[in-house]
2 protein chains.
Amino acid sequence: MSEQSAKRRGRPRAYDPEVALARATETFWEQGYAGASLDDLSAATGMNRPSLYGAFGDKQALFKTALDAYMDRSRAAMTEAFRGGGSLGEVLTRIYRTALGFYLSGDAGGRGCFLTSAGLGQAVIDQEVRQTVADGLHELDQAIEALMKRRQARGELPPTVDPVALGRVASMMMNALSVRARAGETREQLEATIPVMVALICGPPDRRDERS
Amino acid sequence: MSEQSAKRRGRPRAYDPEVALARATETFWEQGYAGASLDDLSAATGMNRPSLYGAFGDKQALFKTALDAYMDRSRAAMTEAFRGGGSLGEVLTRIYRTALGFYLSGDAGGRGCFLTSAGLGQAVIDQEVRQTVADGLHELDQAIEALMKRRQARGELPPTVDPVALGRVASMMMNALSVRARAGETREQLEATIPVMVALICGPPDRRDERS
DNA sequence: GCTTTTTCATACTGTTTCGCATAAAAATAA
DNA sequence: TTATTTTTATGCGAAACAGTATGAAAAAGC
């Protein structure tokens, strides 16, 4: 989409926009919208204030860009987790592990989901952020509900259960994982809950595979 | 503990410390630690800055006092919900409803759990807050785990299930409710998930009672 | 080499922030 | 009334805050 190497007129920029956005995202992720000052963001990205404004606009715009970019990354990873085959339990396990990969990233301990940590912090104040976050959660809800419907049609779930209600709760369990990750629980503790959740959703744990 | 009416020496205070703390808590609850300025807190409590400092210390101390007070209120309500009789499903339903009562309080839409909304926002920055929040979550985990053990002993849960693991997931579902409440879901949506969660935990929903 | 274009770097402006100093106000004690 | 005690009220001061103006630096075009 963008011209790269050949012929850009002026002084070349000293930063990689994608890397800078990733660093800014991490800053918001850890410190929240209000807690992240422009000096923090400037230090994290290596960009000085005017460059930040030139590239991303003001603080609110940067936050929303970070939110959108996170959702894109998250969506891509989740699409991958959904795609692969296996039993319903295996797919759910993959989904939860993928989520944990996001929630436990970072050096200073688990940060949880960016949507529910930094995003929801602003949700009560900024209605547009709340809507974006709500849409993001809803999107995942629907994906899992659709998964449940497909698997029920295949006979992996008893016909008596409501796949939409079950999918919603399965999706909400990810929110719980985010909370616990940010509260400082270890990867081991969190991964140990995954089979319990999967067993609850998939019914009797006839057989379960584990891998490190 | 404190002398009330009779003979206090100086000028009487113009505020009720408990009411003021409740208002300050609501301000942190909605806007987070960094998002709540001392002017906001001053306006919410009706106390001017020096009175705030005299009563609660600096901003950090006030936040931690608010956190402790919230945990006390929450603990009291939860103790009540645990105490009453009924089947395991009925007790869990009461617990979740009690939680929702907290999460949906407030005028500007759901605020979620103070611990996981405002508290976790600070958790990554302030290690002491993270520990307090983690302890609070752990306390509830243990209470639910103990409930599960008792009910399993009574035969309400099959002997094959792990009551600790099940209790932990049941506790985590409250965190999920908090997230969804703050994301703006309605009371109706949230209450509709309660029976689904309860059914997952208690196994086959042989009979369920509902009340508005 | 000179101009044009784009970005970087410094530093500024006005506002907001937190915490506190100072003094007035409102009560009791003598 | 006068002194003492405790709280309120005003507002100060240094730092941090978001956003921007101004000019230097680094590239391409000519």
Side-chain angles (χ1 to χ4, degrees), chain A residues 1-21 23-25 27-28 30-67 118 121-122 125-126 128-129, chain B residues 1-21 23-25 27-28 30-66 118 121-122 125-126 129:
Chain A
M1 280 64 179
S2 69
E3 15 42 27
Q4 218 92 291
S5 46
K7 37 188 165 190
R8 279 188 57 80
R9 250 321 204 118
R11 176 172 174 171
R13 45 174 60 132
Y15 59 91
D16 177 346
E18 287 190 31
V19 172
L21 182 56
R23 297 277 177 280
T25 302
T27 306
F28 281 130
E30 279 172 16
Q31 313 195 334
Y33 178 83
S37 72
L38 282 185
D39 282 337
D40 292 333
L41 293 165
S42 184
T45 57
M47 302 163 66
N48 44 31
R49 216 87 54 77
S51 296
L52 266 179
Y53 279 86
F56 303 110
D58 70 357
K59 195 180 171 186
Q60 263 201 325
L62 173 56
F63 184 77
K64 285 169 183 171
T65 303
L67 202 55
Q122 272 304 92
I125 292 146
D126 186 327
E128 187 185 334
V129 169
Chain B
M1 284 64 180
S2 70
E3 15 40 27
Q4 216 89 296
S5 48
K7 37 188 167 189
R8 279 191 54 82
R9 247 326 202 118
R11 175 172 176 171
R13 46 173 61 131
Y15 61 90
D16 177 345
E18 287 191 32
V19 173
L21 182 56
R23 297 277 178 282
T25 302
T27 306
F28 280 131
E30 280 172 16
Q31 314 195 333
Y33 178 83
S37 72
L38 282 184
D39 282 337
D40 293 334
L41 294 164
S42 184
T45 57
M47 300 162 68
N48 42 33
R49 217 85 53 79
S51 296
L52 266 179
Y53 278 86
F56 303 110
D58 70 357
K59 195 179 171 186
Q60 262 202 326
L62 174 56
F63 184 78
K64 285 169 182 171
T65 303
Q122 273 304 93
I125 292 146
D126 186 328
V129 169

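Chain letters run A, B, ... following the sequence lines, proteins first, then strands; residues in each count from 1. Remember, it's a predicted structure, so these values are computed and weren't measured experimentally.
- As a whole-Å value, the separation of A/R49 CZ from D/dA16 P is 12 Å.
- Residue A/S51 has no polar side-chain atom (N or O) positioned under 4.0 Å from OP1 or OP2 of C/dT7.
- Of all heavy-atom pairs between B/A66 and B/T25, the closest is CB-OG1, 3.4 Å.
- Nucleic acid contact class of B/A36 (heavy atoms, under 4.0 Å, all strands): sugar-phosphate only.
- Going from atom CZ of A/F56 over to atom P of D/dG19 covers 15 Å, rounded to whole Å.
- Here the CG-CG distance, from B/L41 to B/L62, works out to 6.0 Å after rounding to the nearest 0.5 Å.
- Side-chain proximity of B/R11 to C/dA25, C/dC18, C/dT7: nearest is C/dA25.
- Nearer to the 5' terminus of DNA chain C, by closest-nucleotide assignment, is the contact made by B/K59 (compared with the other of B/G10 and B/K59).
- B/L62 has its CG atom 11 Å from the P atom of C/dC18, to the nearest Å.
- Proximity note for A/N48 (side chain, C-beta onward) versus D/dC17, C/dT4, C/dT10: the nearest is C/dT10.
- The distance from atom CD of B/Q31 to atom C1' of C/dT17 is 14 Å, rounded to the nearest whole Å.
- Rounded to whole angstrom, the span from the CG atom of A/D39 across to the C1' atom of C/dT17 amounts to 14 Å.
- Taking all atoms of both residues into account, the shortest heavy-atom contact from B/A20 to B/M47 is CB-SD, 3.5 Å.
- Ring geometry for B/F28 against B/Y33 counts as parallel: the plane angle stays under 30°, on a 0 to 90° scale with 60° as the upper cut.
- Atom CZ of A/R23 is separated from atom OH of A/Y15 by 15.0 Å, given to the nearest 0.5 angstrom.
- Where A/L38 and B/P50 meet DNA chain D, the nucleotide closest to each residue was compared, and B/P50 sits on the side nearer the 5' end.
- A donor-acceptor contact under 3.5 angstrom links the side-chain atoms of A/R9 to the base of C/dT4.
- When distances run from any side-chain atom of B/R13 to the nucleotides D/dT7, C/dT4, D/dT20, the shortest one goes to D/dT7.
- A straight line from CG of A/L52 to P of C/dC8 spans 10 Å, rounded to a whole angstrom.
- When the C1' atom of C/dG19 is taken as reference, atom CD of B/Q60 falls 13 Å away, rounded to whole Å.
- Taking only side-chain atoms of A/S37, from C-beta outward, the nucleotide of C/dT7, D/dT6, D/dA18 with the closest atom is D/dA18.
- Between A/L41 atom CG and D/dC17 atom C1' the separation is 12 Å, expressed in whole Å.
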